[in-house]
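Below is one structure, written out as structure tokens, with a few remarks after it.
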Amino acid sequence: MTRLLVRDLAQLVTPSEAPPPLRGRPLRDVTVVEDAYVLCSDGVIEAVGRMRDLDPRSLGSLDEELDGRHLCAVPGLVDCHTHPAWGGDRVEEFSLRAGGASYEELHAAGGGILSTVRATRALDERGLRARVELHASWMLGDGTTTWEGKSGYGLDRDTELASLRAIRAAGGVPTWLGAHAVPPEFEDADAYLEFALSEVLPHAAQVADAADVFLERGAFDARQARRYLEACRSNGLSLRLHGDQFTESGAIPLAIELGARSVDHLEATGEGGARALATSDVVGVLLPASALFLDRPMPPARALVDAGAAIALATDFNPGSSFTTSLPLVCSLACTQLHLSPEEALSAVTVNAAHVLGLAHDRGRIAPGLRADLTIVAADDWRHLAYHLAGDVVAVVIQGGVRRR
Ligand code: NIG
Ligand code: FE
């Protein structure tokens, strides 16, 4: 048995125990324990409490002790929306956009996502795995202990499957984003979907947990998204959607009708969409780093939360629209741009993000019996996680009871 004691923490913070996904009051009701400890045993949290209630005689043998003075523990951060499987980069496009070119124009001209598809197809499986591992190491360094990763830059059978395997091998939760863009060898979206659903889905469903689609002008429309998602659901995959990024194209009603886990982006969502989402079980995943990176409007987060919607926050890490793996930065943006409180942001990057991945039963909070995933913040007040904009706020990362940073 391996046992680790994190002692003398300035604060320990954990979201509400209400059943996830949290919304309304439970979303902002976090518990803060001052002068705290966490005892981890074989990768699981054994006990949590105040130092004054810790009886040293009851501790038994310890393998490691961590001095938590001037540090705070929050649950290991969960990034429920990333695109980590790609080759090349988009720095040239970044420069063009800085000069005024728009993301959608570049995409329509065969750049954007399709330029990353060309670079990703050029990698062999070893090369792709090396890239995914590198990106996973960046996430861990930023305090992320659980992450979802999407394919979607292969768009042929072998590269899509290699992407999903690479994500699984690097410790991620794979999502098949088979409907990300229409690759150039197909005449149109319908012809591509015909291929993807007959040739790729049966294999992708063996590796992936979920399926995702880019429902947007210039990508896939609502009819095509429905066809793709229904086929994926029949093959046992959970459903996610990229929706309302640039235009309201029917993603929210479709997500609700099909019982999707989440609808992600929502920068273009209006009042009707916010109301519909709020009365459903679908989580709205907000990606403010992507809106910032593309200089797009921020999603109506405050309106969503005030209407009672369940929200999560994620990085959308990818080379084109959000080149960051930092959930602490996303929490800063949530507070400064989305007008969420640090408490709401914390619940959104922990328990609610875990719920989107179907993992809230064993992670997303700090409580006995849950996986010993802790992100230790380098400050006396845990809110520095969001307050210190782009700061070096992650002091220690514990994943499954093992110190990883
Ligand atoms: O979530 N919007 C579609 N897909 C990604 C961006 C992909 C890219 O630009 O390479 C996103 O923003
Ligand atoms: Fe995305």
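In listed order, ligands and their atoms are each counted from 1. None of these values were measured; they are calculated from a predicted model.
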Please report the interatomic distance CD(Glu148) to CG(Leu357), rounded to the nearest 0.5 Å.
6.0 Å
Looking only at protein heavy atoms, which one is nearest to [atom], and what is the separation?
atom: atom 4 (N) of ligand 1; value: His180 NE2, 2.8 Å
atom: atom 11 (C) of ligand 1; value: Asp316 OD2, 3.2 Å
atom: atom 6 (C) of ligand 1; value: Tyr103 OH, 3.1 Å
atom: atom 2 (N) of ligand 1; value: Gln245 OE1, 2.8 Å

Does only the side chain of [X] get under 4.0 Å from ligand 1, or the backbone, or both, or neither? Count heavy atoms.
X: Tyr153; value: side chain
X: His107; value: neither
X: Glu216; value: neither

Between Arg365 and Asp373, is there a salt bridge with N-O shorter than 4.0 Å?
no
Arg50 and Glu34 ion-paired at < 4.0 Å:
no
Is the shortest N/O to N/O distance between Ser321 and ligand 1 below 3.5 Å?
yes
With heavy-atom distances below 4.0 Å as the criterion, list the atoms of ligand 1 near Arg90.
8 (C), 9 (O), 10 (O)
Quick note on ligand 1: atoms under 4.0 Å from a heavy atom of Phe214 include exactly 2 (N), 3 (C)
Taking the side chain from Asp221 and the backbone from Arg217, do they hold a donor-acceptor pair closer than 3.5 Å?
no
Can you tell me if His265 has an N, O or S atom under 2.8 Å away from the Fe ion (ligand 2)?
no
Indicate if the distance from the Fe ion (ligand 2) to the nearest N, O or S atom of Asp316 falls below 2.8 Å.
yes
With a sphere of 6.0 Å drawn around CD of Glu185, does it hold more than 12 non-hydrogen atoms of other residues, nucleotides or ligands?
yes
Are more than 12 heavy atoms from other residues, nucleotides or ligands located less than 6.0 Å from atom CZ of Arg383?
no
Which atom name does His83 have for its N/O/S atom nearest to the Fe ion (ligand 2)?
NE2
If the plane angle is over 60° it's perpendicular, under 30° parallel, otherwise tilted; pick one for Phe317 and Phe323.
parallel
Pair His135 + His83: ring centers closer than 6.0 Å
no
Output field: ring centroids Trp176/Tyr228 closer than 6.0 Å
yes
